[in-house]
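One structure is given below, encoded as structure tokens.
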Amino acid sequence: MRPRLAAGLALSLMAATARAEGGLRPYAVVGDAIPASLTGAPGDPARGRAIVADRTRGLCLLCHAGPFPEERFQGDLAPNLAGVGARRSPGALRLRLVDGRVLNPDTIMPSYYSLEGLARVGRAWRDRPILDAAEIEDVVAFLGTLRDAGTDAKP
Amino acid sequence: MPHPAPAVFAALLLAASAAGAGEIAPADRRSGFDQMGAETRAIQRDDTANPGMLAVADGAELWARPPAAGAPACADCHGADGTGLRGVAARYPAWDARSDRPIDLQDRIRQCRRDRQGAVPPAYESPDLLALTAFVALQSRGEPIRPPADPRLDRGRAEGRALFAGRMGQLGLSCAICHDDNWGRRLGAAAIPQGHPTGYPLYRLEWQGLGSLQRRLRNCMTGMRAEPFAYGSPEFVALELYLAARAAPLPVETPAVRP
């Protein structure tokens with residue numbers, strides 16, 4: 001009995017490893033997701049849309065295309081974001097934004113809320129994540145609204 | 001610190017070989033020229049429309065003129081019309097025995113200015129250095145890039161390769177991710193080229209002016225939100241060594257035009 005209990009406890013601790021780095025809010029990865037909001041509150045989808053479309057803030061459209069009829073020149077290095085809110089839970093979207101390397105160590109998608117494993121970061125961007133916790137939540141909230149791979153994708 | 005410690009370097013190489021789809025075979029190498037729109041290609045092809053030719057003309061003048069009273073002009077050592085330097089740009093960076101390190105073409109020109117012509121070497125990205133470099137490189141236009149088989153360059157080349165493959169900056173990208181693995185795709189509005197150094201110095205429409213290869217590399221590094229290497233740094237020369245090996249045998253295009 002005893003050993004099994006201990007092993008069970010260790011497993012559940014591992015599954016929900018709290019990760020925290022310098023100045024960033026701690027979060028728990030459970031399976032392929034970060035179930036809880038980084039700020040403890042839901043984000044704002046309208047602000048999230050603005051961040052995603054902004055090529056100097058979210059940078060998302062450099063690589064992804066998505067349902068943004070007003071945005072010319074969307075990238076094609078990554079899957080289309082149309083319908084992604086139906087494909088993935090909010091927690092799964094959150095983990096992909098925060099640090100997709102947890103799921104795919106070779107991913108080319110930047111880790112938007114991590115300072116780990118970076119080299120030669122430019123002076124202007126040092127010691128802070130690409131997006132802050134509230135911005136991550138805004139983007140998660142917006143991505144959650146992209147429910148339809150068909151009509152979302154139409155320009 | 002021009003050379004990373006061997007252990008660090010070995011780790012870099014290991015990391016490099018683990019990632020990505022890998023290098024582009026010589027037969028598949030394509031200049032960025034091929035991905036440009038018809039209009040931009042036409043500007044590059046027509047010497048009377050190519051704004052880079054204005055710099056070449058300035059370079060021809062600087063070539064013939066002594067930099068100071070009593071000092072020799074470039075033409076006094078290398079010949080009046082510059083054709084004596086045919087092929088030179090196609091084999092740089094090369095080993096420099098005087099300074100015991102590899103140097104690129106613009107550093108060779110700066111070195112001549114300083115050591116053989118008794119002049120102040122022109123600053124990086126100055127109109128004079130760009131003009132002289134463009135004039136010298138034009139003499140190799142059409143020549144295939146052929147890096148020298150000089151074993152003293154191997155180390156710099158390997159360092160350049162590791163820099164090319166290593167992730168950097170806040171976005172954690174690498175040169176190889178874009179230029180080996182995703183060339184031909186669109187990064188927002190830009191078509192990603194294979195990233196060959198065939199046309200430098202070149203006229204970039206976005207710059208509205210001539211710029212060096214190092215300026216281009218600094219642009220890419222800023223795009224990755226990385227701290228760019230300094231002009232003339234050993235890191236840039238190492239990258240240039242690798243880029244030349246990676247581009248051979250594409251022909252020199254200087255002065256090219258790019259979007």
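Numbered from 1 within each chain, the chains take letters A, B, ... in sequence-line order.
- Counted by atom type alone, B:Asn182 and B:Arg185 present one or more donor-acceptor pairs between their side chains at under 3.5 Å.
- No side-chain donor from either of B:Gln214 and B:Glu125 sits under 3.5 Å from a side-chain acceptor of the other.
- Contacts between B:Met221 and chain A at a heavy-atom distance below 4.5 Å involve the side chain alone, from C-beta outward.
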- Task: Would you check, one step at a time, whether the test side chain to side chain contact (heavy atoms under 4.5 Å, CB included) holds for A:Glu135 with A:Arg57?
- Result: CA-CA 10 Å; A:Glu135 290 170 322; A:Arg57 271 222 288 168; 2.8 Å; yes

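- Using a 4.5 Å cut-off between heavy atoms, B:Ser174 does not touch chain A at all.
- The closest side-chain donor-acceptor pair between B:Arg246 and B:Gln194, if any, does not fall under 3.5 angstrom.
- In this structure, the portion of B:Leu173 lying under 4.5 Å from any heavy atom of chain A is its side chain and not its backbone.
- Comparing A:Leu118, A:Leu61, A:Asp76 by heavy-atom pairs within less than 4.5 Å of chain B, the highest count is held by A:Asp76.
- Residue contact with chain A, scored on non-hydrogen atoms closer than 4.5 Å, involves the backbone and the side chain of B:Leu171 alike.
- Contacts of A:Arg72 with chain B are absent, with no heavy-atom separation under 4.5 Å from either backbone or side chain.
- Using a 3.5 Å distance cut-off with no hydrogens or angles, the side chains of B:Tyr92 and B:Asp107 do not pair a donor with an acceptor.
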